[in-house]
Structures are given as structure tokens and as C-alpha cells.
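A quick write-up on the structure given underneath.
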Amino acid sequence: MKLKKNIAVSETGFLFDSNTGESFSLNETGRKILQFLKEDKSEDEISEWFAENYEVDQATFENNLYDFFTVLQNFKIIE
Amino acid sequence: MKKKPEYERPIITKINAGVTDKFGMRAKMPIISEIDGIPVNDLINKYGSPSFILSEQTIRKTFNDAKRAFTTRYPNVQFAWSYKTNYMNAVCKIFHSEGSWAEVVSGFEYDKALSNGVAPNKIIFNGPDKSKEDLIKATENGSYIHIDHFDELYELLNIADSSKKRPKVAIRVNMDTGIYPQWDRFGFNYENGEAWNALNRIMMSKKLDLIGLHTHIGTYMMTPTPYGVAASKLAELAVRTERKFNHKIKYIDMGGGFASKNTLKGAYLPGKDTCPSFDQYAEAISNALINSELDPNEMPTLFLETGRALIDDAGYITGSVLANKRLADGRRSMIIDTGVNMLFTSFWYEHEIYPAKEVSSHSEDTTIYGPLCMNIDVIRSVIKFPSLQKGDHYVIKRVGAYNMTQWMQFITLRPKIILIDTEGKAHIIRENETNDSLVALENVPDYLN
Ligand SMILES: Cc1ncc(COP(=O)(O)O)c(C=O)c1O
């Protein structure tokens, strides 16, 4: 999963797509995932990090992560 | 070990500058974590998921609100509990303990009212389907029989010939009250003279005691005005009867039909903001009767067969999320363990549904499906809803009317119904079905065994 180049994410979870002019808001989990994508982290690395740092098991997290990717794809934020 | 922070699933929402949703409401969804003091989690752990929960406190409060609205405006008022709306015995007995009579529409409901201890002369028998046996029984018992059509009128005249008791009757009248569609399939029409005709035949026969006039103009009536029109027309019939036959009509029965606070599908504003209050309905009806030519010293009793507006708010469903899915177009969908089989009213209401615990402040357009393998099994086609995980609990509000009588047993077993009493104690008032209780009625022919 790769973040498109025209996407900017702020510290507070505000996301701006300079191609379309559309903006989005992210919760903390969403913001963190996008930050990892920006850093080119793999899906496995992302889930391991969440399972380690949050009250969540890896299976639940992965389920949520793939669901989140579908939404990001829909909003044309990742390619 | 240090506790890890609470996890919330990732959420992204598009910001539409300047555009609020159609109700202009805040995005953060309230939660329902307890019902009458009992935590939703406890209810689900103890009674299973899903279950129906009824609040006795709400039933009694709603009833007394309605009663006050009418008794402060009209001298003699009598409510009759519309059994079809919710005929769990415990529910009926609450209404009877508040002084309600019973309003029934079948032999089955009639017998239920008797076994709930209602005096036979406090049962109103409505509906197009009364068998000859039903009519004989109601006549012998002195119950109030509301005649629906001429075939029933003639049947009653026959019964009167062979019975020692005179049937106590009212006629059901349908009429134009300015609403569309007009309900003209029940009773005798007012405008074309059919009601007056039926009334004359009853009076001329001298075999029946004509004690009342009845109408039920529709259900979920969103304005009180048609009730005023209907009450005037019934008052006019009563006055004409008295002039012609020197016979007093003892009661005028306005039926049911007051809207509950649920939101109809496609409505622009939530039902709780648009539905008229009991006071508004009471004002329309009482004004029409008081301003009519009825004798002010001997006003007929006003009967009300209010159903949904008295019980909808007292009912909840508590249940669990089964799964979350993405639809092909990217929309979120959530599958819950309540389907249209037990929430029949979701065909016409946009039921309010809430998480049972504090969740994320992000909401997303979501379609909420029931668990049935059917395309029609949609609880909400689109609602801004925070994301819940599998196993999380939800509460559906205002489900007390019609669901516990119209529910279908389909691919699964019907759940328990719980009543929370006024002290906050829960009681099972209907057990969940079991495989055994269901197959008890089945029979497999020998050759298949
Ligand atoms: C004759 C009669 N009375 C009362 C009712 C109760 O109506 P509601 O639940 O709309 O108040 C009905 C419902 O259909 C009815 O047919």
C-alpha cells in the first residue's frame, strides 16, 4: 500500500489532497497508520506495532486495517 | 505492567465544508448504556442477545400523560388497551391496573382479555373477523360488539332471536376526515349515508342495544385536525339518533392512531420533533365534542383505543454486532443480530439505534443489516454511525408497539422479553423459543420416520 504523493497529513489528523482539493479528518489510529505508510512501513510492521502498543490483538487490528485500506482506496488516497 | 491505551479502529471522514447532515445535528452519537438503571451489558449477559426489554415505568408514565391530557379537557374518558399492539399478558395487566378496558379484534384476543381477568362488560370487540361463536359468546357476556359490516349486523339480529340477552352494539363508521388515503374498508361509510342506514336498521329492529359509535380513522396520524372532523361527525350521528328515536348514545369511541415518536421512513425531521402531543389530540377531540349539539348535561363517554403511542417508547431491543463489512461501493455496513423478522416496524420506521458504550466520536455513513439471508433485511439503509466491533452491544429504541405481536419466527428462534418493574427489577415475561417448543406443534407422518 502506497500513499499518493499529493497527500498531506497534519499532526492533528487533518488530511489534504492537493489534487482534488478535498479534505478529510482522521482519528488517532488512522493518523498513525498514514504516518507509517508515509514511512513505507509494511502491513506486518504496522500491525505488530499496534498490537504491542495498544489494547488490541493482531487479528482484530488486521481486519480493521484492510477495511481501512478499502476506504482509503475509495477516497483515492492510496494506490 | 503498565496498561496499554484503549484501541479505536482507524477512521477517516470526508469534510464537507458548510454542509451539515439533513437534521443539522451534532455528529457525536449519544449512547444508551443502561435501561431503567440496569446496565445493557448485564441485560445481555443474563438474558441473551438479542432481547426485547420493556420499561414498566415508561408505560405507566406515558399512560398517565395521555390520561391527564384527556381528563383535564373532557368529563368522562375511558381508555381500552388495543391488544394487537402488544398483547404480552404482563403488558396488558399493567394497562388494566391503570384502569384500561380491553379492545380486541379476534376470538383469540377476546379469550386472552378474559383470562387476564378483564370483566366481560369491559371488553370492546372490534374487527371484521368475529365468528358466529365469538358473537354468541360476546352477546351472552354483555361485551361491547362493534359491528363492521351488514353481514355481521344480520348475523347479530339472528343471534338476538335465540339469545336471552340483547347484544350491546356500536357501529364502526368510516369517513372523510381530509386525510389521504381514506380508510374505507372497515365499518360503514358516513358520507354516502351507509352509517345512518345501518343505524336506522338497528334501531328499527328493536333487537339490539345501540350504545356507541366508533371510528378508527388511521394509524400514525401526524396532525390532530382529522380527529376533530371525525369527532364532529360522530357527534352529529349521535344527535340525529336522539332526535329521531329518542335514544341516547352512551359513548363515542375515537379508536387509536396517535403517532408515536418514531421517525417514518423518508421523513425530513425526526418523529420526536414532529409528532403531535397527547394534549393536541385531546384538544381537537374534546373541542369538537363540546362544541357539538350534544346535550352538555349528558355527554357521552369518550373511549380511546390508543395503541402505539402508549407503548412504543417503553420498548427496547438490546443486542450485539455480528460483523462489519465494506460494500462494493466502499460504504460501510454493519450486521447486527436483530433482523426484520423481530423488528417488523423497521419496514416503515427509521428506528433509532445507539451504541451501548462510549465509542469514537467519528461517525461514518453506515448501512445496518439484520442477520437474515435476505435482501430485505435492512434495519437502517443509511445512518451516521460510529464503528463498533464484533461483539459490541447496541440498543434500538421505541420498539414496544406491534413488534411483539407481528414478529415472525424465521430461521432462528424468537428471543426473551424482559420487563423492568418500577423498582428497577427485571422479570422474564416471555421465554425465548427453543427447538423443542417449536417442533412440539409439528408432526411427521409415520411413513417418513
Ligand atoms: C380498531 C382499532 N383500534 C385501535 C387500534 C390501535 O391503533 P394505534 O396503534 O394506531 O393507536 C387499531 C390499530 O390498527 C385498530 O384497528
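As a basis for the values below, the full set of heavy atoms in this structure was taken, side chains included, without hydrogen atoms, waters or symmetry mates. Every chain is numbered from 1 and lettered A, B, ... according to where its sequence line falls, protein lines coming before strand lines.
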Residue part contacting chain B, namely of A/Ser25, when any heavy atom lies under 4.5 Å: both
In terms of heavy-atom proximity below 4.5 Å to chain A, should B/Asn324 be classed as side chain, backbone, both, or neither? neither
So which part of A/Phe14 gets closer than 4.5 Å to some heavy atom of chain B, the side chain, the backbone, both or neither? side chain
Are A/Phe24 and A/Phe75 close enough that their ring centres sit under 6.0 Å apart? yes
Indicate whether any N or O donor in one side chain lies under 3.5 Å from an N or O acceptor in the other, for B/Arg331 and B/Thr367. yes
Is it the side chain or the backbone of A/Ile33 that comes within 4.5 Å of chain B heavy atoms, both, or neither? side chain
Chain B contact via A/Asn74 - side chain, backbone, both or neither, heavy atoms under 4.5 Å: side chain
Report the residues that fulfil side chain to side chain donor-acceptor pair (under 3.5 Å) with B/Ser51, sequence neighbours left out, ordered by chain and then residue number. none
Between A/Asp67 and chain B, which part of the residue has a heavy atom less than 4.5 Å away: side chain, backbone, both or neither? both
Just give me the residue among B/Arg9, B/Glu364, B/Arg332, B/Gln389 that pairs up with chain A most often, heavy atom to heavy atom, under 4.5 Å. B/Arg9
Nearest heavy-atom approach of B/Asp377 to B/Gly370 is OD2-C, 2.8 Å
Heavy-atom distances under 4.5 Å only: say whether A/Glu52 touches chain B with side chain, backbone, both or neither. backbone
Is the closest side-chain donor-acceptor distance between B/His393 and B/Thr318 under 3.5 Å? no
Please identify each residue that fulfils side-chain contact (heavy atoms from CB on, under 4.5 Å) with A/Lys2, with sequence neighbours left out. A/Asp40, A/Glu79
